[in-house]
Enquirer: 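Got a structure for you, written out below as structure tokens; questions coming shortly.
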Amino acid sequence: MINIQEVTKDIYWIGGSDRRLALFENLFPLPKGVSYNSYIVLDEKTVVFDTADISISDQYLENLKTALNGRPLDYLVVLHMEPDHCSQIATVAAMHPELTLVGNVKTFQMMKNYFPETADMKKIVVKEGETLSTGAHTFAFVMAPMVHWPEAMFAYDTATGALFSADAFGTFGALESSIFADDYDFEKDYLDDARRYYANIVGKYGAQVQAVLKKAAKIDIKFICPLHGPVWRGEHIAWFIDKYQKWSKYEPEDDGIVVIYGSLYGHTASAAEAFAAKLRAKSGKDVKVYDISKTHSSNIIGEIWRVGKIVIFSPTYNNGIYLPVANLLHDMECLTVQNKVIALAQNGTWAPVSAKLMNEKLSTLKNVKIVDNVLTIKSVLHASDEEALDVFVEAVTEA
Ligand code: FEO
């Protein structure tokens, strides 16, 4: 069924949501689905910004055909070449041989690999600040390299103030009945997934996000049209840009504390729970506890982005770090986690070494302070360990 929604004058959303896909990029769970946004501008010339994932191709092509209502498609602007947005380029190009493809040099290098059949199509290669006019609308191109791929760029409509922002300002989660963020209780319905999306997809590229935010600060943005999740408009935009400022500067959003544990048989889990309760009582902070084997690491990465203080409990396993914890540390390293205070607790029945090994890995992260005090558990946290636990709680509270 056709589902086209107006963003503002002449601009329409023609995307769709997928609630069936289990894993985004075959990695990240999507319990609430995901949307793939595409936009069409019906001006003197017609222009589409990005296509969509193959999973919604039927819906997408039906929306596109209906929106065009028999008109030719003059331009297909490709802001991002990742297949969740570019999968329909060859199909749309075959349906509309009249169209001109618009991208930058890197866009077309990638397009040649994915869609060699577009090699002979008409193309416009744009650079930073260059524009495309469709009549009443003029779109200025803003390069946004590594947000999230090197060819990523934004387009800004000087007529309406709409910023087409590619992956930036996107979120996991299917769209419900509205395309607009302000029609939802975004903090309740989407914020955790927005943060998880940011941290895991573009978290590594904070400096590049900062660079593009500086460019964005110079323009009057009235709408943000991302490729995933709701569209932002009006006074709500500043709130979400502030989130992006914090996330890209690796600044905590709140003063909560996250406790992460791995546990083979429940003993390390029990110690982490006892610690969390004491920490809550001592610090007065919101303390959240996660079992690394039960909570997907992308959710934990999102939580690590939210807070400034993290406590990690790991058993010693094969004379090393418990594998799910080791994987998390690797992910933190890849995503260049910064500006954290991290405390470590280890368990080992005969030779606990996981804290030392975690310290070695985490010490390579920028602006990360590792708390000197380490809690060591020998198999089980006993009543006789209470004093050591209290000292650890004190150290974490004060750090
Ligand atoms: Fe949603 Fe980087 O693609």
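Hydrogens, waters and symmetry mates play no part in the numbers below; they use all other heavy atoms, side chains included. All values reported here derive from a predicted model rather than from experimental measurement.
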Enquirer: State yes or no: do L191 and I241 share one hydrophobic cluster built from I, L, V, M, F, W and Y residues joined by side-chain heavy-atom distances below 4.5 Å, directly or via other members?
Expert: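 Yes, L191 connects to I241 through the hydrophobic network.
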Enquirer: Might you point out which heavy atoms bring F141 and L132 nearest each other, and give the distance in Å?
Expert: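 F141 and L132 have their closest heavy atoms at CE1-CB, 3.8 Å.
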Enquirer: Give a yes or no on this: more than 12 heavy atoms of other residues, nucleotides or ligands lie within 6.0 Å of atom NZ of K249.
Expert: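 Yes, because the 6.0 Å sphere around NZ of K249 holds more than 12 heavy atoms from other groups.
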Enquirer: Can you label the angle between the F139 ring and the H137 ring as parallel, tilted or perpendicular, going by 30° and 60°?
Expert: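 If you compare the ring of F139 with that of H137, the planes turn out parallel.
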Enquirer: Contact between Y198 and V209 at the side-chain level, heavy atoms closer than 4.5 Å - yes or no?
Expert: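 Side-chain contact under 4.5 Å: yes.
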Enquirer: Quick test of your reading of the model: are K215 and E128 salt-bridged, counting only N-O distances below 4.0 Å?
Expert: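 Salt bridge: yes.
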Enquirer: Check for me, please, whether M110 and Y205 land in the same ILVMFWY cluster - side-chain distances under 4.5 Å, paths through other members count.
Expert: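 Each belongs to a different hydrophobic cluster.
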Enquirer: Would you call E176 and R19 a salt bridge, using N to O less than 4.0 angstrom?
Expert: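 Salt bridge between E176 and R19, a charged N being under 4.0 Å from a carboxylate O: yes.
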Enquirer: If I compare all heavy atoms of L365 with all of V337, which pair ends up nearest, and what's the gap?
Expert: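 For L365 and V337, the tightest heavy-atom pair comes out as CB-O, 3.6 Å.
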Enquirer: Which Ile, Leu, Val, Met, Phe, Trp or Tyr residues join V396 in one cluster when any pair of side-chain heavy atoms under 4.5 Å counts as a link?
Expert: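 Members besides V396, by chain and number: I257, V259, Y261, F275, L279, V287, V289, V311, F313, L375, I377, L381, L389, F392, V393.
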Enquirer: Describe, in one word, how the ring planes of F169 and Y244 are oriented to each other, choosing from parallel (under 30°), tilted (30 to 60°) and perpendicular (over 60°).
Expert: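 Taking Y244 first and then F169, their aromatic rings sit tilted (interplane angle of 30° to 60°).
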Enquirer: Taking ring pair (Phe, Tyr, Trp, His ring centres under 6.0 Å) as the cut-off, I'd like each qualifying pair that reaches into residues 318-373, sequence neighbours left out, listed once.
Expert: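 Found Y317-Y322.
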Enquirer: Could you check whether any side-chain N or O of E151 sits under 3.5 Å from a backbone N or O of M81, counting only pairs where one atom can act as donor and the other as acceptor?
Expert: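 Indeed, once roles are kept as given, a pair shorter than 3.5 Å links the two residues.
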Enquirer: Any chance CG of L213 has more than 12 other-residue heavy atoms, nucleotides or ligands included, within less than 6.0 Å?
Expert: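 Yes.
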Enquirer: Inspect the surroundings of NZ in K9 and state if more than 12 heavy atoms from other residues, nucleotides or ligands are less than 6.0 Å away.
Expert: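 It does not: K9 NZ has 12 such atoms or fewer within range.
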Enquirer: Give a yes or no on whether the backbone of I56 and the side-chain of Q59 come within a donor-acceptor separation of less than 3.5 Å.
Expert: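 Flag not set: sc Q59 to bb I56 has no pair under 3.5 Å.
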Enquirer: For the pair R306 and E303, find out whether any cationic side-chain nitrogen is under 4.0 Å from an anionic carboxylate oxygen.
Expert: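 Looking at R306 and E303, the cut-off is met.
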Enquirer: Let me know which of F49, F223, F164 forms a ring pair (Phe, Tyr, Trp, His ring centres under 6.0 Å) with Y39.
Expert: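 With Y39 as partner, F49, F223, F164 yield a single ring pair (Phe, Tyr, Trp, His ring centres under 6.0 Å), made by F164.
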Enquirer: I'd like to know whether CD of E6 has more than 12 heavy-atom contacts from other residues, nucleotides or ligands below 6.0 angstrom.
Expert: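 Yes, the 6.0 Å shell around CD holds more than 12 heavy atoms from other groups.
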Enquirer: Indicate yes or no: does E44 engage R71 in a salt bridge with an N to O separation below 4.0 Å.
Expert: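 No, no charged N to carboxylate O under 4.0 Å.
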Enquirer: Search all heavy atoms of G348 against all heavy atoms of K378 and return the closest pair with its distance.
Expert: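 In this case the closest contact between G348 and K378 is O-CD, 3.3 Å.
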Enquirer: Given ring-ring contact (aromatic ring centres under 6.0 Å, His included), test W232 with F180 step by step and report yes or no.
Expert: CA-CA 6 Å; W232 292 83; F180 293 110; over 10 Å; no
Enquirer: Does T158 reach the main-chain N or O of T138 with its side chain, forming a donor-acceptor pair under 3.5 Å?
Expert: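 A pair under 3.5 Å: yes.
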Enquirer: Applying side-chain contact (heavy atoms from CB on, under 4.5 Å), run through K222 and R233 and close with a yes or a no.
Expert: CA-CA 6 Å; K222 294 195 168 66; R233 61 183 170 185; over 6 Å; no
Enquirer: Where does the angle between the aromatic ring planes of F172 and F28 fall among parallel (under 30°), tilted (30 to 60°) and perpendicular (over 60°)?
Expert: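 Tilted.
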Enquirer: Around D185, counting heavy atoms of other residues, nucleotides and ligands shown, do more than 12 lie under 6.0 Å from its CG?
Expert: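 Yes - once you tally the heavy atoms of other residues, nucleotides and ligands closer than 6.0 Å, there are more than 12.
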Enquirer: Is the shortest distance from a Lys or Arg side-chain nitrogen in K243 or E253 to a carboxylate oxygen in the other one below 4.0 Å?
Expert: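 Salt bridge between K243 and E253, a charged N being under 4.0 Å from a carboxylate O: yes.
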Enquirer: Go through the steps to decide whether I304 and K340 satisfy the test side-chain contact (heavy atoms from CB on, under 4.5 Å), and finish with yes or no.
Expert: CA-CA 9 Å; I304 287 172; K340 305 290 173 195; 4.1 Å; yes
Enquirer: Measure from the side-chain N and O atoms of Y197 to the backbone N and O of D167, and report whether any donor-acceptor pair falls under 3.5 Å.
Expert: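 Indeed, once roles are kept as given, a pair shorter than 3.5 Å links the two residues.
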Enquirer: Looking at T171, D84, D193, N37, which one forms a side-chain hydrogen bond (donor to acceptor under 3.5 Å, both in side chains) with H228?
Expert: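 When side-chain hydrogen bond (donor to acceptor under 3.5 Å, both in side chains) is applied between H228 and each of T171, D84, D193, N37, only D84 qualifies.
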Enquirer: Assess the residue pair Y114 and I89 against the criterion (side-chain contact (heavy atoms from CB on, under 4.5 Å)); give the C-alpha distance rounded to whole Å, side-chain angles, the decisive distance to 0.1 Å, and a yes or no.
Expert: CA-CA 9 Å; Y114 281 112; I89 286 178; over 6 Å; no
Enquirer: Less than 4.0 angstrom from a charged side-chain N to a carboxylate O is my criterion; do K246 and D242 meet it?
Expert: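 A salt bridge links K246 with D242.
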Enquirer: Should D390 and K282 count as an ion pair when the cut-off is N to O under 4.0 Å?
Expert: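 Salt bridge: no.
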